[in-house]
Amino acid sequence: MQNKNRFEINNIVYIISTQILLLGLLARIILQWEIARWVLLPGALLYLWAVIAYRPKQDNLRIKRLLRLAHFSGLLWLAGAISMFMQSELWIIFFFVACVFMVYSNIALSCIANKSSKTKDDLQQ
């Protein structure tokens, strides 16, 4: 039961962190607010915490690689937020690459989870 609660909390933290990152990026790119870096830093930290705390039910080589890619995207989000504080324009590259890695790893992990749940449902019937 405790693992299920931990999984739900991790999902909530993940959803909140991605929304914070999205709002921070919109505030910086569209509205060009300098204060957006103060929004992006906690969003990056929460996202990194969420992907590090994620423990999948399966454990094979592909899932491990996808998790490492997700961890790397979390580090890139953090590096981009820190580069904003250092007045560097590298944050654009960091955030772009982090977003690509984040989308790819999350879609692939969710596809693997859906396949495993479908096979469990087929076995139970």
key: Hydrophobic cluster identity match, F85 and W33, side-chain contacts under 4.5 Å   = yes
Centroid-centroid under 6.0 Å between F94 and W77 rings = no
ask   = How many angstroms lie between CG in L31 and CG in L25, if you round to the nearest 0.5 Å?
value = 12.0 Å
Hphob cluster co-occupancy, Y14 + V100, side-chain heavy atoms under 4.5 angstrom = no
query = Mind checking whether I20 and V13 sit in one hydrophobic cluster, side chains of I, L, V, M, F, W, Y counted as touching below 4.5 Å?
reply = yes
message = To the closest 0.5 Å, what do you measure between CD1 (I82) and CG (L75)?
response = 9.5 Å
Atom pairs and distances, side-chain donor-acceptor, residues 40-52, under 3.5 Å, sequence neighbours left out:
unit_1: Y47; atom_1: OH; unit_2: S73; atom_2: OG; d: 3.2

task = Kindly compute the distance separating CG (N106) from SG (C111), expressed to the nearest 0.5 Å.
result = 11.0 Å
inquiry  = Check for me, please, whether I30 and F96 land in the same ILVMFWY cluster - side-chain distances under 4.5 Å, paths through other members count.
reply    = no
ask   = Which ILVMFWY residues can you reach from I107 by hopping between side chains whose heavy atoms are under 4.5 Å apart?
value = V103
message = Just to verify, what does I92 make a side chain to side chain contact (heavy atoms under 4.5 Å, CB included) with, not counting sequence neighbours?
response = E89
key: Pairs satisfying salt bridge (charged side-chain N to carboxylate O under 4.0 Å, His left out), at least one member in residues 15-42, at least two apart   = R28-E34
ask   = Can you list the residues that meet the side chain to side chain contact (heavy atoms under 4.5 Å, CB included) rule with L69, with sequence neighbours excluded?
value = F101, Y104, S105
note = By side chain to side chain contact (heavy atoms under 4.5 Å, CB included), R65 pairs with (sequence neighbours left out) L61, R68
inquiry  = Using side-chain heavy atoms (C-beta onward) and a distance below 4.5 Å, is I63 in contact with L109?
reply    = yes
task = Look at atom CG of L23 and say whether more than 12 heavy atoms of other residues, nucleotides or ligands are closer to it than 6.0 Å.
result = yes
ask   = Is V97 reachable from L22 through a run of hydrophobic residues whose side-chain heavy atoms are each under 4.5 Å from the next?
value = no
query = Looking at CZ of F72 and CE of M102, how far apart are the two atoms once the value is rounded to the nearest 0.5 Å?
reply = 15.0 Å
